[in-house]
Amino acid sequence: MNYLWAFICGGIICVIGQLLIDKTKLTPARIMVIFVCAGVILGAFGVYDRFIDFAGAGATVPISGFGALLAKGTREAVDEQGLLGAFTGPLTAGSAGIMAAILSGLILSFMTKPKPK
């Protein structure tokens, strides 16, 4: 049942993104920023944490989950380190995902050949 809820909730997030692409003049980059900011705002108020408990990977895999992760890391680091945690918390919390994206991009750049436009 957990897989079903993850699929449904992740799918709803994707449907929202697709509707924004189809029905508005927003660029994909702006939509991505909206999702990250929404994740940060909902994560800051603890709403996204409850959504993660319910939907699991359906809430953490989309880009809004990254925003919630940044908010959670900031909140925890500020509790431990004070104001300095506001700067180090998001980087510490998101470092694994950022590093995975950088490494996978690097590996794929070695495996592919760019084509001129």
Side-chain angles (χ1 to χ4, degrees):
M1 198 65 182
N2 291 339
Y3 294 119
L4 179 65
W5 285 119
F7 178 77
I8 290 171
C9 293
I12 289 171
I13 292 172
C14 293
V15 166
I16 292 169
Q18 190 63 48
L19 287 173
L20 288 172
I21 289 172
D22 292 343
K23 302 295 183 186
T24 66
K25 293 184 179 182
L26 294 172
T27 63
R30 288 185 179 175
I31 293 169
M32 183 178 70
V33 169
I34 289 169
F35 276 127
V36 171
C37 291
V40 168
I41 292 168
L42 293 173
F45 290 111
V47 175
Y48 209 86
D49 292 335
R50 285 184 263 146
F51 183 53
I52 289 172
D53 292 339
F54 174 73
T60 58
V61 171
I63 194 73
S64 54
F66 180 70
L69 178 70
L70 294 178
K72 183 178 179 182
T74 303
R75 188 174 47 241
E76 290 173 357
V78 167
D79 290 342
E80 293 175 10
Q81 302 171 356
L83 183 59
L84 181 63
F87 300 105
T88 61
L91 296 174
T92 304
S95 62
I98 293 169
M99 197 63 207
I102 291 172
L103 281 178
S104 63
L106 179 67
I107 291 168
L108 287 174
S109 72
F110 292 140
M111 296 169 49
T112 59
K113 184 177 181 182
K115 297 178 184 176
K117 289 188 175 184

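What you see below is based on every heavy atom in this structure, not just the backbone, and it leaves out hydrogens, waters and symmetry mates. Throughout, numbering of the chain's residues begins at 1 and tracks the sequence.
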So, taking the atom named SG in Cys37 and the one named CD1 in Ile63, what distance separates them when rounded to the nearest 0.5 Å?
11.0 Å

Least distance between heavy atoms, Pro90 atom then Gly85 atom:
CD-O, 4.0 Å

Using a 4.5 Å side-chain heavy-atom cut-off and chaining through intermediate ILVMFWY residues, the residues clustered with Leu103 come out as Met99

For Arg50, which residues count as a salt bridge (Lys or Arg N to Asp or Glu O under 4.0 Å) partner, sequence neighbours excluded?
none

Apart from Tyr3 itself, residues in the same hydrophobic cluster as defined by side-chain heavy atoms under 4.5 Å:
none

Could you measure the distance from the CZ atom of Arg30 to the NZ atom of Lys25? Nearest 0.5 Å is fine.
12.5 Å

Decide yes or no for Val40 and Phe66: does some side-chain heavy atom of the first lie under 4.5 Å from some side-chain heavy atom of the second?
no

Using a 4.5 Å side-chain heavy-atom cut-off and chaining through intermediate ILVMFWY residues, the residues clustered with Val15 come out as Leu19

Establish whether Leu69 and Val33 are linked, either directly or via other cluster members, by ILVMFWY side-chain heavy-atom contacts under 4.5 Å.
no

Residues in side-chain contact (heavy atoms from CB on, under 4.5 Å) with Thr24, at least two apart?
Leu20, Leu26

Residues which pass side-chain contact (heavy atoms from CB on, under 4.5 Å) with Phe45, listed by chain and number, not counting sequence neighbours
Ile41, Val47

Pairs flagged by side chain to side chain donor-acceptor pair (under 3.5 Å) wherever residues 67-79 is involved - sequence neighbours left out:
Asp49-Arg75

Set of side-chain contact (heavy atoms from CB on, under 4.5 Å) partners for Ala59, sequence neighbours left out
Tyr48, Phe51, Ile52, Ala55

Under 3.5 Å, side-chain donor or acceptor atoms of residues 106-114 against the rest of the protein: list the pairs with distances, not counting sequence neighbours.
{"unit_1": "Ser109", "atom_1": "OG", "unit_2": "Leu106", "atom_2": "O", "d": "2.6"}
{"unit_1": "Thr112", "atom_1": "OG1", "unit_2": "Leu108", "atom_2": "O", "d": "2.9"}

Sequence neighbours left out, what passes side-chain hydrogen bond (donor to acceptor under 3.5 Å, both in side chains) with Asp53? Give chain and number order.
none

Give the cluster check for Val78 versus Leu70: same hydrophobic cluster or not, with ILVMFWY residues linked at side-chain heavy-atom distances below 4.5 Å.
no

Listed partners of Phe54 passing side-chain contact (heavy atoms from CB on, under 4.5 Å), at least two apart
Trp5, Cys9

Which atom of Ala93 lies closest to which atom of Gly73, heavy atoms considered:
CB-CA, 3.6 Å

So, do Ile13 and Ser64 sit near enough that their side-chain heavy atoms are less than 4.5 Å apart?
yes

For Ala71 versus Gly43, what's the shortest heavy-atom pair and its separation?
CB-C, 3.9 Å

Verify same cluster id: Ile12, Val61 (apolar side-chain graph, 4.5 Å):
no

What distance do Ile21 atom CD1 and Ile16 atom CD1 have between them, rounded to the nearest 0.5 Å?
12.5 Å

Residue pairs, two or more places apart or on separate chains, that pass side chain to side chain donor-acceptor pair (under 3.5 Å) and touch residues 81-90
Gln81-Thr88

